[in-house]
Number of protein chains: 2
Amino acid sequence: MQKQQYLSKNQKIVLEHVEKANQPLKAYSILYNVQKKGLKAPLQVYRALDKLVEIGKIHKIESRNAFVACKNANCVVSNATAFSICESCEKVTEINNSKLSKYLGNFEDSSGMKYSKYNLEFFGLCKKCKNK
Amino acid sequence: MQKQQYLSKNQKIVLEHVEKANQPLKAYSILYNVQKKGLKAPLQVYRALDKLVEIGKIHKIESRNAFVACKNANCVVSNATAFSICESCEKVTEINNSKLSKYLGNFEDSSGMKYSKYNLEFFGLCKKCKNK
DNA sequence: TTGTATATTGTTATAATATAACGTTATGTA
DNA sequence: TACATAACGTTATATTATAACAATATACAA
Ligand SMILES: [Zn+2]
Ligand SMILES: [Zn+2]
Ligand SMILES: [Zn+2]
Ligand SMILES: [Zn+2]
């Protein structure tokens, strides 16, 4: 069996829902909202999320245990992700900065370990919240 | 009341245990192991961890929900952390690289948001696991 | 030293996040 | 067809983390 070409039914349902949101969603909030479409159990959501994360359609915001759709055409796989997170309103934005990704993609430290993946999360206050 | 100068009893117990480990520990594993010292409930561990993370004595490895002691004298507060994580043996090392921290500390993206904190996690195979 | 504010503790219960284990059904390919 | 892999459905359970409440300890200023 070859690499999957199309998304399965559950994967499509979950991806569509997360894409509509424009912000990170929690797994159980996704579950609650796709129940009308037939997904009844957490595992159905988590499995779909796992696959979507694997292929880069969705990223997990680790510090928030939340999932957000990728809007960056370059993210074929989730191997280089960076986000800015507002600690006040929780707005999350995927950073798409070629200098940063180049820098981190080539980063090597003294251990000699070569990295195949990274995830970076910046925290601060977004423009809106800074001016409050 | 001023900034706390000394660690409290529970904070000391948890920190000592995590420092001995030399690797990230899960909160409930910490709990289990400090029960002989009188900490009985998850909250006692989580509260101590919260404080220790806040003051930079301990860092949380977000992708693993695990806690590791800081060995980097510069980490007075946990506002700039970077780790390498082996996806095979789960060995975690805190990266202490001044170029990297300088680069990320000064990073600004197009949104104009200035960051007060970041956490970076690199994934790959450590030397040992690469040669298996 | 007394009052006050804050930090920490102890405790029980519960919320939120995620996976194990099982059997079934669908899909791609030889 | 036969085979392997992927996805599905379902129930139960594991893991991670917090709510809520009452008590005690600590720092500091008046
Ligand atoms: Zn992306
Ligand atoms: Zn904000
Ligand atoms: Zn550190
Ligand atoms: Zn390793």
Side-chain angles (χ1 to χ4, degrees), chain A residues 1-18 21 24-68 77-78 90 92 121, chain B residues 1-18 21 24-68 77-78 87 90 92 119 121:
Chain A
M1 207 171 185
Q2 286 264 357
K3 203 190 285 183
Q4 190 188 12
Q5 290 197 331
Y6 303 104
L7 296 179
S8 73
K9 189 191 99 206
N10 289 359
Q11 290 160 13
K12 269 185 218 158
I13 291 171
V14 168
L15 178 57
E16 274 167 23
H17 181 70
V18 176
L25 297 180
K26 304 290 205 135
Y28 276 74
S29 135
I30 297 170
L31 173 59
Y32 179 80
N33 283 285
V34 297
Q35 279 182 334
K36 64 196 74 139
K37 305 223 170 168
L39 282 83
K40 290 173 188 162
L43 251 196
Q44 296 177 289
V45 170
Y46 278 107
R47 281 171 178 158
L49 286 173
D50 281 352
K51 174 58 77 170
L52 292 163
V53 166
E54 188 191 324
I55 63 178
K57 293 286 190 185
I58 281 183
H59 303 307
K60 181 172 187 184
I61 311 299
E62 292 287 358
S63 66
R64 299 298 187 260
N65 296 319
F67 300 86
V68 70
V77 290
S78 290
E90 294 294 322
V92 170
E121 298 181 3
Chain B
M1 205 174 186
Q2 287 265 357
K3 205 190 282 184
Q4 190 189 13
Q5 291 197 331
Y6 304 104
L7 297 178
S8 73
K9 191 192 97 205
N10 289 359
Q11 290 160 11
K12 269 186 217 157
I13 292 171
V14 168
L15 179 57
E16 275 168 23
H17 182 70
V18 176
L25 298 180
K26 304 289 203 135
Y28 275 74
S29 136
I30 297 170
L31 173 58
Y32 179 80
N33 283 287
V34 296
Q35 279 183 333
K36 63 196 74 136
K37 306 224 169 164
L39 283 83
K40 289 174 188 160
L43 250 196
Q44 296 177 291
V45 170
Y46 278 108
R47 281 170 178 160
L49 286 172
D50 281 352
K51 175 58 75 171
L52 292 163
V53 166
E54 188 190 324
I55 64 179
K57 294 285 190 185
I58 281 183
H59 303 307
K60 182 172 186 185
I61 311 299
E62 293 286 358
S63 66
R64 299 298 188 261
N65 296 318
F67 300 86
V68 71
V77 289
S78 289
E87 292 188 294
E90 293 294 324
V92 170
N119 178 56
E121 298 182 2

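Here is how names work: the chains are called A, B, and so on, in the same order as the sequence lines, proteins then strands, and each is numbered from 1. Here the structure is a predicted model, which is why all the values come from computation and not from measurement.
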**Message:** Output the rounded distance in Å from OH (A:Tyr6) to P (D:dA6).
**Reply:** 18 Å
**Presence of A:Lys51 side-chain N/O under 4.0 Å of D:dA6 phosphate oxygens OP1/OP2** = no
**Complete:** Sequence neighbours excluded, the answer for salt bridge (charged side-chain N to carboxylate O under 4.0 Å, His left out) partners of A:Glu16 is none
**Asked** Which heavy-atom pair separates B:Lys26 from B:Asn65 by the least distance, and what is that distance?
**Response** CD-O, 3.4 Å
**Prompt:** Taking all non-hydrogen atoms of both residues, which atom of B:Val18 and which atom of B:Phe67 are closest, and how far apart?
**Reply:** CG1-O, 3.9 Å
**Prompt:** How sharply is the helix from C:dT1-D:dA30 to C:dA30-D:dT1 bent, taking the axes over five pairs at either end and rounding to 10 degrees?
**Reply:** 40°
Side chains of residues 39-49 of chain B: which donor-acceptor pairs under 3.5 Å do they make with residues two or more places apart or in other chains?
{"from": "B:Gln44", "atom 1": "OE1", "to": "B:Lys40", "atom 2": "N", "distance (Å)": "2.7"}
{"from": "B:Gln44", "atom 1": "OE1", "to": "B:Ala41", "atom 2": "N", "distance (Å)": "2.9"}

**Request:** Tell me, please, which residues at least two apart from A:Val68 pass side chain to side chain contact (heavy atoms under 4.5 Å, CB included).
**Result:** A:Pro24, A:His59, A:Ile61, A:Phe83
**Qualifying residues under side chain to side chain contact (heavy atoms under 4.5 Å, CB included), relative to A:Lys9, sequence neighbours excluded** = A:Ile13
**Request:** Under the side chain to side chain donor-acceptor pair (under 3.5 Å) rule, collect the residues that match up with B:Ser63, sequence neighbours excluded.
**Result:** B:Glu121
**Request:** Let me know the distance between CD1 of B:Ile55 and P of C:dA7, rounded to the nearest Å.
**Result:** 13 Å
**Between D:dA7 (P) and A:Lys12 (NZ): distance, integer Å** = 13 Å
**With sequence neighbours excluded, residues passing side chain to side chain donor-acceptor pair (under 3.5 Å) with A:Glu62** = none
**Item:** Footprint string (nucleotides 9-18 of chain D, 5' to 3'): B base within contact, S backbone only, - free, heavy atoms under 4.0 Å
**Value:** BBB----BBB
**Request:** Take atom CD1 of A:Ile13 and atom P of D:dA7, then tell me their distance rounded to the nearest Å.
**Result:** 14 Å
**Request:** Could you check how far CG of B:Leu31 sits from C1' of C:dT9, rounded to whole Å?
**Result:** 15 Å
**Complete:** To the nearest angstrom, the NZ-C1' distance between A:Lys37 and D:dC8 comes to 18 Å
**Message:** Please tell me if A:Ser8 has a side-chain N or O lying less than 4.0 Å from either OP1 or OP2 of C:dA26.
**Reply:** no
**Fill in**
With sequence neighbours left out, the residues meeting side chain to side chain contact (heavy atoms under 4.5 Å, CB included) with B:Glu90 are B:Arg64, B:Ile85
